[in-house]
Chemist: 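Sharing a structure with you now.
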Amino acid sequence: MTLLIGIPLETATGERRVATVPEVVEKLIKLGFAVAVQSDAGAGANFGDGDYRAAGAEVVATAAELWARSDIVFKVRPPSSEEVALMREGSTLIGFVWPGQNPELMQQLAAKQATVLAIDSLPRTLSRAQKMDALTSMAGISGYRAVIEAAHAFGRFLNGQVTAAGKVPPARVFIAGAGVAGLAAIGTAASLGAIVRANDTRAEVADQVKSLGGEFVKVDYDEEGSGGGGYAKVMSEGFQQAQRAMYAQQAKDADIIITTALIPGKPAPKLITAEMVQSMKPGSVIVDMAAEQGGNCELTVPGEAVVRHGVTIVGYTDLASRLARQSSTLYGNNLLRVVEELCKAKDGTINVDFDDDAIRGLTVIEEGNITWPPPPIRQPAVAPKPQPAAAAAAAAPKKGHGSSEPMSAKSLAIVFGIGALAFLMVGLYAPATFLSHFTVFALACFIGYMVIWNVTPSLHTPLMSVTNAISSIIAIGALVQVAPPLGGSAVGDRPSGLILGLAVGALALTAVNMFGGFAVTRRMLAMFRK
């Protein structure tokens with residue numbers, strides 16, 4: 001039997017997103033599902049009812065009819081009590097639920113014998129789950145929008161400018177928290193020309209901050225801040241005191257502060273105190289992205305932008321919704337990937353497979369039974385440790401090609417002995433002229449090897465240093481052939497025309513390689529200079 005996916009109109013105040021978009025509707029139909037959309041569900045994201053009809057969806061007039069008919073319901077915000085009352089018994093709900101923060105909602109959904117997949121409970125440590133990760137999608141949009149809101153409230157350029165009317169210094173932006181939202185904010189602010197600094201309790205994100213054009217500000221206190229699932233953890237009191245001192249210093253210097261610090265299941269930590277706000281320059285801006293969970297600033301008013309001590313504090317809780325069309329498209333794609341995992345047969349039915357770690361983590365209620373929190377993710381089996389004798393044999397360094405260990409004295413003596421024997425045989429039976437040329441060839445190989453591999457990489461790259469050393473040896477050899485012999489100019493001492501031509505060709509190619517390499521490298525470096 002083909003299942004019907006229902007898309008209701010979001011009822012949360014100010015919510016303009018919709019759980020799926022027309023281009024995703026077409027893909028759901030190809031999987032074998034039927035799709036129904038409540039009238040005007042996509043209006044806030046600029047998707048009309050006609051767009052959904054053209055994609056193959058049915059447009060339903062009322063929420064009651066949609067909820068009563070739908071086998072599967074896609075939602076953005078957690079359903080209200082009124083919506084749960086309209087829900088058909090035994091149906092499936094996919095969307096944001098926040099089971100830890102909404103225990104009453106969980107009980108109401110369980111009473112409906114529903115199966116609930118909470119997109120916010122996705123195990124984010126699974127690489128294959130990234131395509132379903134709506135938290136990351138929405139956080140990236142929110143971080144971008146936070147910078148736009150800050151720029152709007154700030155009242156002047158973010159980048160520095162020198163004009164005939166005067167000089168404008170670049171804005172100084174400090175971002176507290178370098179998760180997905182923080183990194184999106186760093187990249188956006190840096191691309192707009194601001195001087196960006198950022199901090200996070202997880203030291204490993206420092207390289208990511210720098211790669212986006214920001215400066216990582218470290219707290220003068222050694223403590224590891226990584227928590228489970230890629231999130232930060234609650235830090236010790238000593239670390240928090242050092243962090244507050246650093247934030248106080250940054251607040252005095254910053255024009256814009258964007259805070260993103262959140263720990264799942266806990267109120268937002270207070271990072272910016274009233275005293276820090278008072279120390280900021282008049283006209284400065286704070287964008288508190290954690291406002292919905294209480295805010296990182298003591299003076300934040302959730303859902304509003306207020307002015308305190310001359311500082312504008314933006315506490316909007318709908319940053320992703322302010323880019324409704326973009327966020328709806330990404331969110332719809334995330335839910336599509338979830339359905340693809342549930343419907344691998346593409347027959348219009350779903351299978352909630354608890355052997356799949358991603359699906360098990362998403363499923364917080366199964367047919368009325370609360371299954372949240374999920375068990376720990378099963379780790380791959382670890383190979384048994386080798387026996388001591390086998391381990392010693394495996395750890396023993398291999399001699400010969402590819403070994404980084406120096407040769408033993410015995411092996412070195414054998415190699416030299418074989419070499420001396422080879423020279424003796426050549427000396428006894430080869431012509432005298434061959435012996436002299438062979439001796440020069442062997443010494444040239446040895447000297448060339450020592451010269452090339454002992455070149456200090458002081459040029460643009462170590463590879464250029466080595467190739468230029470090789471080119472230099474080629475050039476010297478060619479010059480020896482081109483130059484007239486010392487002590488006379490007998491015709492027999494001059495190189496033949498073929499040798500002379502090869503020497504001149506070698507000089508030309510070597511010159512092109514050396515000078516051309518420098519020219520190309522300089523042009524490449526110039527691309528990265530402002």
Side-chain angles (χ1 to χ4, degrees), residues 1-10 17-38 41-42 45 47 51-52 55-60 66-67 69-79 83 87-88 90-97 99 109 112-124 126-138 327-367 371-372 374:
M1 182 184 70
T2 300
L3 300 181
L4 177 66
I5 297 177
I7 315 297
L9 172 68
E10 296 294 325
R17 290 173 292 177
V18 62
T20 199
V21 298
E23 65 180 83
V24 174
V25 168
E26 297 176 354
K27 297 174 182 177
L28 291 171
I29 292 173
K30 289 180 180 179
L31 288 174
F33 296 95
V35 181
V37 181
Q38 185 180 345
F47 295 109
D51 299 325
Y52 286 103
E58 176 189 357
V59 176
V60 177
L66 182 90
W67 283 92
R69 292 178 51 196
S70 299
D71 301 294
I72 304 170
V73 176
F74 285 1
K75 279 277 293 169
V76 178
R77 296 275 185 169
E83 289 175 316
M87 190 175 185
R88 198 180 79 187
S91 56
T92 300
L93 173 69
I94 304 177
F96 284 106
V97 178
L109 291 168
K112 283 283 186 176
Q113 299 300 308
T115 296
V116 180
L117 279 74
I119 199 70
D120 47 89
S121 297
L122 180 74
R124 302 174 78 184
L126 295 175
S127 58
R128 57 178 292 268
Q130 292 178 1
K131 60 185 179 182
M132 300 179 273
D133 191 356
L135 282 173
T136 295
S137 300
M138 298 302 103
S327 54
S328 297
T329 300
L330 295 182
Y331 185 69
N333 282 321
N334 291 139
L335 296 193
L336 170 65
R337 303 309 173 196
V338 173
V339 173
E340 287 177 342
E341 293 295 318
L342 295 172
C343 180
K344 294 181 179 179
K346 299 182 181 181
D347 57 356
T349 60
I350 61 172
N351 175 34
V352 180
D353 182 9
F354 271 29
D355 291 331
D356 186 323
D357 287 332
I359 299 303
R360 176 63 188 91
L362 283 170
T363 308
V364 296
I365 301 176
E366 184 194 24
E367 297 180 353
T371 58
W372 186 87

Chemist: Please determine whether a side-chain nitrogen of the Lys or Arg among R69 and E58 lies less than 4.0 Å from a carboxylate oxygen of the Asp or Glu.
Modeler: yes
Chemist: Quick check: closest heavy atoms across S137 and N334, and the distance to 0.1 Å?
Modeler: OG-OD1, 2.9 Å
Chemist: Taking the side chain as everything from C-beta on, heavy atoms only, tell me whether F47 gets closer than 4.5 Å to V25.
Modeler: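 When only atoms from C-beta onward are counted, V25 and F47 do not touch, as no gap falls below 4.5 Å.
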Chemist: When rounded to the nearest 0.5 angstrom, what distance separates CZ in F354 from CD in E366?
Modeler: 4.0 Å
Chemist: Between D347 and C343, is there a donor-acceptor pair closer than 3.5 Å when you use the side chain of the first and the backbone of the second?
Modeler: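 No, the answer is negative, given that no donor and acceptor are paired below the 3.5 Å cut-off.
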Chemist: On a heavy-atom basis, which atom in E26 and which in A55 lie closest, and how many Å separate them?
Modeler: CG-O, 3.6 Å
Chemist: Find out whether R77 and R17 are in side-chain contact, i.e. whether some heavy atom of one side chain is under 4.5 Å from a heavy atom of the other.
Modeler: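 Yes; the side chains approach each other to less than 4.5 Å.
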Chemist: Side chains of P99 and S121: closer than 4.5 Å at any heavy-atom pair?
Modeler: yes
Chemist: Within this structure, what is the CD1-CG distance for the pair I5 and L28, rounded to the nearest 0.5 Å?
Modeler: 4.5 Å
Chemist: Would a 4.5 Å heavy-atom cut-off, applied to side chains only, mark L122 and L135 as touching?
Modeler: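 A side-chain contact under 4.5 Å is absent here.
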Chemist: Does F74 form a ring pair (Phe, Tyr, Trp, His ring centres under 6.0 Å) with Y331? I'd like the steps, not just the answer.
Modeler: CA-CA 10 Å; F74 285 1; Y331 185 69; 8.3 Å; no
Chemist: Within this structure, what is the CZ-CG distance for the pair R360 and D353, rounded to the nearest 0.5 Å?
Modeler: 11.5 Å
Chemist: With the side chain counted from C-beta on, respond yes when L342 and I72 share a heavy-atom pair under 4.5 Å apart, and no when they do not.
Modeler: no
Chemist: If you round to the nearest 0.5 Å, how far is NZ of K27 from OG1 of T20?
Modeler: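 Here the interatomic distance stands at 9.5 Å.
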Chemist: Are the side chains of I119 and L362 in touch, meaning some heavy atoms are under 4.5 Å apart?
Modeler: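 In contact.
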Chemist: Does any part of the side chain of F33, heavy atoms only, come nearer than 4.5 Å to the side chain of D71, both counted from C-beta?
Modeler: no
Chemist: Atom CD in E367, atom OG1 in T92: separation rounded to 0.5 Å?
Modeler: 8.5 Å
Chemist: Among all residues two or more places apart in sequence or in another chain, which pass the side chain to side chain donor-acceptor pair (under 3.5 Å) test with E341?
Modeler: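 With neighbours one apart ignored, the set is R128, K131.
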Chemist: Between the main-chain N or O of V364 and the side-chain N or O of T371, is there a donor-acceptor pair closer than 3.5 Å?
Modeler: yes
Chemist: Any side-chain to backbone donor/acceptor pair from S328 onto V18? Under 3.5 Å, distance only.
Modeler: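 Yes; at least one donor-acceptor contact below 3.5 Å.
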Chemist: Do you know the tightest heavy-atom contact between S70 and G6?
Modeler: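 The pair with the smallest heavy-atom distance is OG-CA, 3.3 Å.
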Chemist: Kindly indicate whether the side chain of M87, heavy atoms from C-beta on, has any atom under 4.5 Å from the side chain of L93.
Modeler: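 They are in contact (side-chain heavy atoms under 4.5 Å apart), so the answer is yes.
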Chemist: For the side chain of D120 and the backbone of V97, is there at least one donor-acceptor N/O pair under 3.5 Å apart?
Modeler: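 Side chain of D120 to backbone of V97, a donor-acceptor pair under 3.5 Å: yes, one is there.
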Chemist: Using a 3.5 Å distance criterion without hydrogens, assess whether the side chain of Q38 forms a donor-acceptor pair with backbone atoms of L66.
Modeler: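 Not at all, since once roles are kept as given, no pair shorter than 3.5 Å links the two residues.
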Chemist: Looking at residues at least two apart in the chain, or sitting in another chain, which of them share a side chain to side chain donor-acceptor pair (under 3.5 Å) with T2?
Modeler: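 T2 satisfies side chain to side chain donor-acceptor pair (under 3.5 Å) with no residue once adjacent residues are dropped.
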Chemist: For the pair V24 and L335, evaluate side-chain contact (heavy atoms from CB on, under 4.5 Å) and give the outcome as yes or no after the intermediate values.
Modeler: CA-CA 9 Å; V24 174; L335 296 193; over 6 Å; no
Chemist: Any chance you could measure L330, atom CG, to D133, atom CG, to the nearest 0.5 Å?
Modeler: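 Rounded to the nearest 0.5 Å, the CG-CG separation comes to 11.5 Å.
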Chemist: Would you name the heavy atoms of P8 and K75 that are closest together and state the gap between them?
Modeler: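 Result for this residue pair: CG-CD, 3.6 Å.
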Chemist: Provide the closest heavy-atom pair for E340 versus L31 in the form atom of the first, atom of the second, distance.
Modeler: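 Heavy-atom minimum between the residues: CG-CD1, 3.9 Å.
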Chemist: Give the minimum heavy-atom separation between R88 and S91, together with the two atoms involved.
Modeler: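 Closest pair (atom of R88, atom of S91, distance): O-OG, 2.7 Å.
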